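Below: the structure, in structure tokens.
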Amino acid sequence: MTIERKNYPGIPVTGSPHFHSVRTGNFLFLAGATAKMTSAENGTMADQTEVILERMRYILECEGGSLPDVVKMTSYITDLSESAKSQTQNIRREYFGESLPASTRVQVAGLDGPSLLIEIDAIAMIPEN
């Protein structure tokens, strides 16, 4: 089985060297994404979540998929109480509708920048090319 590693135009590569996605067969692994290098970087957790989900949607569409193809998502959050206040769960419902993936939220001490409040990675099952 072939393994494809990709970066996508319009999405910056930040921090350590990595690819935005790795695909093998029907599996698409999306690297952790933040709102770094966007206007939302200094915004609320809700603002940052929307940027991340838009990036995720863009990558999935480039690969012939869509958000309902996401089967697992992990959110790394600097303050779980802020997650509840910022309505990130409602934002996820807006993006995924009834196709919510299995999900894990983890509180972390920090992310790749002091203003970053959330990072999300995901696994999707999409049709093979």
Side-chain angles (χ1 to χ4, degrees):
M1 194 171 302
T2 306
I3 298 175
E4 297 176 74
R5 294 168 173 84
K6 284 186 170 179
N7 286 318
Y8 300 83
I11 301 177
V13 177
T14 62
S16 63
H18 71 280
F19 289 95
H20 294 129
S21 75
V22 176
R23 183 172 180 168
T24 182
N26 290 48
F27 285 102
L28 181 68
F29 299 88
L30 301 173
T34 66
K36 194 168 189 174
M37 300 174 73
T38 71
S39 60
E41 181 172 352
N42 293 305
T44 65
M45 188 177 294
D47 296 334
Q48 292 182 18
T49 299
E50 288 193 57
V51 166
I52 294 165
L53 294 178
E54 283 298 327
R55 286 180 173 178
M56 190 179 295
R57 181 192 338 243
Y58 170 68
I59 291 171
L60 287 161
E61 288 174 355
C62 287
E63 295 298 320
S66 62
L67 285 171
D69 296 322
V70 175
V71 295
K72 176 69 171 89
M73 198 163 73
T74 304
S75 300
Y76 306 90
I77 299 171
T78 58
D79 184 349
L80 286 174
S81 66
E82 181 62 30
S83 174
K85 287 186 259 178
S86 70
Q87 303 295 314
T88 57
Q89 301 305 315
N90 292 338
I91 293 167
R92 288 178 42 186
R93 279 192 182 86
E94 288 174 25
Y95 277 82
F96 288 96
E98 295 301 314
S99 301
L100 289 165
S103 182
T104 302
R105 289 186 307 153
V106 179
Q107 183 166 315
V108 296
L111 296 167
D112 188 24
S115 60
L116 297 174
L117 305 172
I118 185 168
E119 180 170 343
I120 301 173
D121 66 24
I123 302 169
M125 291 285 295
I126 55 178
E128 289 191 54
N129 294 335

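Being a predicted model, the structure only gives us computed values, none of them experimental. Hydrogens, waters and symmetry mates are skipped; everything else that's a heavy atom, side chains included, is used.
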Nearest heavy-atom neighbours spanning [X] and [Y]:
X   : Y    : value
R23 : E63  : NH1-O, 3.1 Å
P12 : R55  : CD-NH2, 3.6 Å
E41 : A35  : CB-O, 3.6 Å
G64 : P127 : O-CD, 4.1 Å

Say whether I123 and M125 are linked into one hydrophobic cluster, either directly or through other cluster members, by side-chain heavy-atom distances under 4.5 angstrom.
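Yes; M125 is reachable from I123 via cluster members.
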Under a 3.5 Å distance rule, please check whether N90 uses its side chain to pair with a backbone N or O of Q87 as donor and acceptor.
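No; zero donor-acceptor contacts below 3.5 Å.
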Indicate yes or no for a side-chain donor-acceptor contact from T24 to the backbone of F27 under 3.5 Å, with no hydrogens or angles considered.
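Pair absent, no side-chain N/O of T24 close to backbone of F27.
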Calculate, to the nearest 0.5 Å, the distance between atoms OG and CD belonging to S75 and Q107 respectively.
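If we round to the nearest 0.5 Å, S75:OG and Q107:CD are 13.0 Å apart.
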Nearest-0.5 Å distance, CD of residue E94 to CD of residue Q89
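E94 CD to Q89 CD: 12.0 Å, rounded to 0.5 Å.
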List the residues meeting salt bridge (Lys or Arg N to Asp or Glu O under 4.0 Å) with E82, not counting sequence neighbours, and say none if there are none.
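Salt bridge (Lys or Arg N to Asp or Glu O under 4.0 Å) check on E82 returns K85.
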E54: which residues meet the salt bridge (Lys or Arg N to Asp or Glu O under 4.0 Å) condition with it, sequence neighbours left out?
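Here the qualifying residues are R57.
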For [X], the rest of its hydrophobic cluster, which grows through side-chain links under 4.5 angstrom:
X   : answer
M37 : none
V22 : I3
M73 : Y8, I11, L28, L30, M45, I52, L53, M56, Y58, I59, L60, L67, V70, I77, L80, I91, Y95, F96, L100, L117, I118, I120, I126

Between H20 and H18, what is the ring plane arrangement, given parallel below 30°, perpendicular above 60°, and tilted in between?
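It falls in the perpendicular class, over 60°.
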Partner set under side-chain contact (heavy atoms from CB on, under 4.5 Å) for S66, not counting sequence neighbours:
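Checked S66 against side-chain contact (heavy atoms from CB on, under 4.5 Å); matches are P68, D69.
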Under 4.5 Å between any side-chain heavy atoms of D121 and F29, yes or no?
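Counting from C-beta outward, D121 and F29 never come under 4.5 Å.
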Any side-chain heavy atom of S103 sitting closer than 4.5 Å to one from R92?
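The answer is yes; the side chains approach within 4.5 Å.
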Is there a donor-acceptor contact under 3.5 Å linking the side chains of R105 and T88?
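No - no donor-acceptor pair under 3.5 Å links their side chains.
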Going by atom types alone, do K36 and S115 pair a side-chain donor with an acceptor below 3.5 Å?
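Checked: K36/S115 side chains show no N/O donor-acceptor pair below 3.5 Å.
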